[in-house]
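Computed over heavy atoms, backbone and side chain alike; hydrogens, waters and symmetry mates excluded. Source: prediction; values computed, not measured.
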Amino acid sequence: MQDTNELNKVRQNLDSWLAAFNAKDSDTLFSLYDPESIYANASAPLMRGVEQIKPWYQEAFKAVAGTLYHKEEAAFIEGNMALLLGAYYFAPPEGVSAPDEAHVTGRVLLAYRRNSEGEWKLLFDIDNTPPDINPALFD
């Protein structure tokens with residue numbers, strides 16, 4: 001049986017991550033990462049470690065406008081590892097139409113590791129842009 005209390009702590013990390021991302025607050029955002037984190041973005045090279053991932057986000061934030069949403073599709077926790085699978089939607093700012101749905105929706109697998117202090121940190125972030133995710137899913 002999965003530990004619901006610990007899984008909710010993982011979900012809280014994701015909620016904090018979304019709030020920091022949407023605020024373009026890279027300091028808070030990266031306080032939620034495991035130092036050994038790996039990011040496999042659908043449209044960028046593989047990045048290893050916060051020192052590679054952080055500059056990429058800081059540059060991306062210059063062009064980011066809108067709000068990122070996540071909808072959980074599955075969750076798993078075992079010991080010090082947890083997984084969240086979900087759909088994402090990058091909603092454009094009010095009054096702006098999305099240029100191409102394929103670039104604003106997708107699926108993400110997030111892996112978390114509990115550190116020695118008992119905190120859940122983002123370890124792996126892997127996203128893709130499958131055809132079954134679209135903005136209507138978030139209505």
Engineer: Taking side chain as C-beta onward, heavy atoms only, is Leu84 less than 4.5 Å from Phe76?
Structural biologist: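 Contact flag for Leu84/Phe76 side chains = no.
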
Engineer: Can you tell me how far apart OH (Tyr39) and CH2 (Trp56) are? Round to the nearest 0.5 Å.
Structural biologist: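 That separation rounds to 4.0 Å.
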
Engineer: Answer yes or no: is there a donor N or O on one side and an acceptor on the other, between the side chain of Asp127 and the main chain of Ala42, under 3.5 Å?
Structural biologist: yes

Engineer: Could you tell me whether Glu51 and Lys54 have a side-chain N and a carboxylate O separated by less than 4.0 Å?
Structural biologist: no

Engineer: A side-chain contact here means heavy atoms from C-beta on lying under 4.5 Å apart; do Ser16 and Thr28 qualify?
Structural biologist: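 They are not in side-chain contact.
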
Engineer: Could you state the interatomic distance from OG1 (Thr105) to CG (Asp132), rounded to the nearest 0.5 Å?
Structural biologist: 9.0 Å

Engineer: Linking I/L/V/M/F/W/Y whenever any side-chain heavy atoms sit under 4.5 Å apart, do Ile126 and Leu18 land together?
Structural biologist: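 No, it is not one cluster - the side chains of Ile126 and Leu18 are not joined through contacts under 4.5 Å.
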
Engineer: Measure the shortest side-chain to side-chain distance between Thr4 and Asn8 over non-hydrogen atoms and say whether it is less than 4.5 angstrom.
Structural biologist: yes

Engineer: What's the spacing between Gln12 CD and Leu7 CG if we round to 0.5 Å?
Structural biologist: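 So the gap between those two atoms works out to 12.5 Å.
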
Engineer: Give the intermediate values and the outcome of side-chain contact (heavy atoms from CB on, under 4.5 Å) for residues Leu122 and Trp17.
Structural biologist: CA-CA 9 Å; Leu122 182 58; Trp17 189 99; 4.0 Å; yes

Engineer: Given side chains that start at C-beta, do those of Asp25 and Phe30 come closer than 4.5 Å, heavy atoms only?
Structural biologist: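 Heavy-atom side-chain distance check fails, nothing below 4.5 Å.
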
Engineer: Applying ring-ring contact (aromatic ring centres under 6.0 Å, His included), which residue pairs with at least one partner in residues 114-139 are found, sequence neighbours left out?
Structural biologist: Tyr89-Phe138

Engineer: Test His70 against Leu14 for side-chain contact (heavy atoms from CB on, under 4.5 Å), laying out the working first.
Structural biologist: CA-CA 9 Å; His70 179 269; Leu14 176 56; 3.3 Å; yes

Engineer: With rounding to the nearest 0.5 angstrom, report the CZ to CG distance, Arg11 to Asp15.
Structural biologist: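 Output value for this atom pair is 9.5 Å.
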
Engineer: Going by an N to O cut-off under 4.0 Å, is there a salt bridge joining Arg48 and Glu36?
Structural biologist: no

Engineer: Could you grab the distance from atom CG of Asn115 to atom CG of Leu123, nearest 0.5 Å is fine?
Structural biologist: 11.0 Å

Engineer: Is there a side-chain contact between Lys24 and Lys62 in this structure, where contact means two heavy atoms from C-beta onward sitting under 4.5 Å apart?
Structural biologist: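 The answer is no; the side chains never approach within 4.5 Å.
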
Engineer: For a side-chain contact (heavy atoms from CB on, under 4.5 Å) check, start with the C-alpha distance between Tyr112 and Asp34, then their side-chain angles and the critical distance, and finish with the verdict.
Structural biologist: CA-CA 8 Å; Tyr112 293 84; Asp34 184 288; over 6 Å; no

Engineer: Would you say that Glu6 contacts Asn80 through its side chain, given a criterion of any heavy-atom pair below 4.5 Å between the two side chains?
Structural biologist: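 Glu6 vs Asn80: side chains apart.
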
Engineer: Kindly indicate, with the supporting measurements, whether the criterion side-chain contact (heavy atoms from CB on, under 4.5 Å) is fulfilled by Thr67 and Asn22.
Structural biologist: CA-CA 6 Å; Thr67 304; Asn22 288 324; 3.6 Å; yes

Engineer: Give me the atom names and distance for the closest heavy-atom approach of Ile38 to Leu46.
Structural biologist: CG2-CD1, 3.4 Å

Engineer: Tyr57 vs Phe61 aromatic rings, parallel, tilted or perpendicular, using cut-offs 30° and 60°?
Structural biologist: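 Correct class here is tilted.
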
Engineer: Ser37 side chain to Tyr33 main-chain N or O, any donor-acceptor pair under 3.5 Å?
Structural biologist: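 Absent.
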
Engineer: Between Glu119 and Arg114, is the closest basic N to carboxylate O distance under 4.0 Å?
Structural biologist: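 No, no charged N to carboxylate O under 4.0 Å.
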
